[in-house]
Enquirer: 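Please find one structure pasted underneath; my questions will follow.
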Amino acid sequence: MKSEIEDSIIKVPAVTFGFWVIKILATTLGETGGDAVSMSMGLGYLLGTCIFLIFFLISLFFQIKAKAFNPVLYWTTIIATTTVGTTLADYADRSLGIGYAGGATVLLFLLLLSLYVWYRSLGSIAVATINGPKAEVFYWVTIMFSQTLGTALGDWVADTEGLGYLYSAIIFSSALALLAVSYYKLKISHTFLFWSAFILTRPLGAVVGDFLDKPIASGGLELSRYSASAILLLAIISLMFLFKQKAATLKH
């Protein structure tokens, strides 16, 4: 019989190239999906946040209750954090009037606070040490803050700084490339690099999502948020199946 620790560890996927590809697609889906509900449906940022927060809490409940890693459940929870992160950041930045800089500052503080409390409570913030419900809650709360921060950061760079969506995507992609090089070439904490990359994938997904659905006059492609979200979801499901099949093949 597997121990509780073993069961908990395998509920988090291996951090591979496939993990990062799906993560970026999921963050892009969070942007288009969040905007579809709050803007295209006209529900607003506050109601959209409430809807996606309920979606996140339900997903989190089943994720924590699960006895083994379930890719559908895990990535559903990730998508839930990206959608609530999108609408929550937009609500804080726009509806509350604190601006992108103010929103990013507050969210960075909350993210660092979450990591600090997690470290002080359990002694490590490494993904490999997630060995029970308490660690999982810290993990997902930290992820939600990172997704929300990433949304605010992406909007700040693309809109406030006037760099546009494509140039912003290049900037965040380059930053991720530097982190990848650091992982293999430099003696830097892999835990630090993981969370740095995790945060940066969100603004990358945010600006790519905006590029897909914003008006052409604003530098976007003006695609339907519904169709863009459907295509991204299909791509995520396809890659999940592909990587699962590849992993099964490697075992034999």
Side-chain angles (χ1 to χ4, degrees), residues 15 20 23-24 26-28 30-31 34-35 38 45-46 48-49 52-53 56 60 77-122 124-127 130 135-163 165 167-180 182-183 188-210:
V15 183
W20 293 114
K23 170 63 167 59
I24 292 172
T27 59
T28 308
E31 187 70 20
D35 286 348
S38 63
Y45 301 126
L46 182 57
T49 297
F52 288 125
L53 182 60
F56 167 62
L60 179 61
T77 311
I78 286 288
I79 292 171
T81 64
T82 68
T83 48
V84 72
T86 295
T87 54
L88 182 58
D90 287 341
Y91 177 72
D93 298 340
R94 300 168 186 175
S95 298
L96 295 183
I98 61 177
Y100 296 128
T105 301
V106 171
L107 290 164
L108 177 61
F109 171 78
L110 292 174
L111 173 63
L112 293 176
L113 179 63
S114 177
L115 289 170
Y116 174 77
V117 174
W118 181 2
Y119 181 80
R120 293 290 296 176
S121 299
L122 300 177
S124 176
I125 58 174
V127 174
I130 297 176
E136 276 199 270
V137 170
F138 278 122
Y139 175 73
W140 287 107
V141 169
T142 301
I143 285 177
M144 188 181 71
F145 283 140
S146 75
Q147 307 281 39
T148 310
L149 169 63
T151 302
L153 185 59
D155 289 340
W156 185 10
V157 172
D159 296 333
T160 304
E161 298 303 316
L163 295 178
Y165 306 123
Y167 283 118
S168 297
I170 292 173
I171 290 172
F172 292 123
S173 297
S174 299
L176 285 170
L178 287 176
L179 290 177
S182 300
Y183 180 88
I188 300 178
S189 168
H190 285 183
T191 299
F192 170 79
L193 291 175
F194 170 82
W195 285 111
S196 298
F198 205 98
I199 293 169
L200 283 175
T201 54
R202 180 61 184 110
L204 174 59
V207 295
V208 171
D210 283 337

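In this chain, residues are counted from 1 in sequence order.
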Enquirer: Going by side chain to side chain donor-acceptor pair (under 3.5 Å), name the residues that satisfy it together with Y45, two or more places apart in sequence or in a different chain.
Expert: R94

Enquirer: Any side-chain heavy atom of D210 sitting closer than 4.5 Å to one from D155?
Expert: yes

Enquirer: Supply the atom-to-atom distance L115 CG to L110 CG, rounded to the nearest 0.5 angstrom.
Expert: 11.0 Å

Enquirer: Please tell me if the side chains of L153 and F172 come closer than 4.5 Å, counting only heavy atoms from C-beta onward.
Expert: yes

Enquirer: What residues form a side chain to side chain donor-acceptor pair (under 3.5 Å) with S146, not counting sequence neighbours?
Expert: none

Enquirer: Just to verify, what does S124 make a side chain to side chain contact (heavy atoms under 4.5 Å, CB included) with, not counting sequence neighbours?
Expert: A126, T129

Enquirer: Identify the heavy atoms of A152 and L107 that sit nearest to each other, and give their distance.
Expert: CB-CD1, 4.1 Å

Enquirer: Quick one: pull up OG1 in T148 and CG in L88 and give me the separation to the nearest 0.5 Å.
Expert: 5.0 Å

Enquirer: Enumerate the side-chain hydrogen bond (donor to acceptor under 3.5 Å, both in side chains) contacts for residues 101-117, please, sequence neighbours excluded, ordered by first and then second residue.
Expert: S114-T142

Enquirer: How about L204 and T27: do any of their side-chain heavy atoms sit closer than 4.5 Å?
Expert: no

Enquirer: Give me the atom names and distance for the closest heavy-atom approach of V207 to G154.
Expert: CG1-O, 3.6 Å

Enquirer: What residues, two or more places apart in sequence or in another chain, satisfy side chain to side chain donor-acceptor pair (under 3.5 Å) together with T49?
Expert: T87

Enquirer: Side chain to side chain contact (heavy atoms under 4.5 Å, CB included) with L60: which residues, sequence neighbours excluded?
Expert: F56, I64, W140

Enquirer: Got a second to check how far T77's OG1 is from I143's CD1, nearest 0.5 Å?
Expert: 9.0 Å

Enquirer: Hey, could you give me each pair passing side-chain hydrogen bond (donor to acceptor under 3.5 Å, both in side chains) that has a residue in residues 190-199? Not counting sequence neighbours.
Expert: none

Enquirer: Give every residue pair that meets the salt bridge (charged side-chain N to carboxylate O under 4.0 Å, His left out) criterion with at least one member in residues 143-154, sequence neighbours excluded.
Expert: none

Enquirer: Measuring only between side-chain heavy atoms, which start at C-beta, is L179 closer than 4.5 Å to I188?
Expert: no

Enquirer: Just verifying a value: how many Å separate I125 CD1 and R120 CZ, rounded to the nearest 0.5 Å?
Expert: 13.0 Å

Enquirer: Taking atom CD1 of I98 and atom OH of Y91, what is their separation to the nearest 0.5 Å?
Expert: 10.5 Å

Enquirer: Looking only at heavy atoms, what is the nearest atom pair of L200 and A175, with distance?
Expert: CD1-CB, 3.8 Å

Enquirer: For W118, which residues count as a side chain to side chain donor-acceptor pair (under 3.5 Å) partner, sequence neighbours excluded?
Expert: none

Enquirer: Quick one: closest heavy-atom pair of L111 and L149, and the distance?
Expert: CD2-CD2, 3.7 Å

Enquirer: Does anything in residues 199-208 pair up under salt bridge (charged side-chain N to carboxylate O under 4.0 Å, His left out), and if so which pairs, sequence neighbours excluded?
Expert: E31-R202

Enquirer: Heavy atoms, side chains only, cut-off 4.5 Å: are S182 and L193 in contact?
Expert: yes

Enquirer: Any donor-acceptor pair under 3.5 Å linking the side chain of T82 with the backbone of I79?
Expert: yes

Enquirer: Can you name the ring-ring contact (aromatic ring centres under 6.0 Å, His included) partners of F194, sequence neighbours left out?
Expert: W20, F198

Enquirer: How long is the straight-line distance from CG of L53 back to OG1 of T81, given to the nearest 0.5 Å?
Expert: 11.5 Å

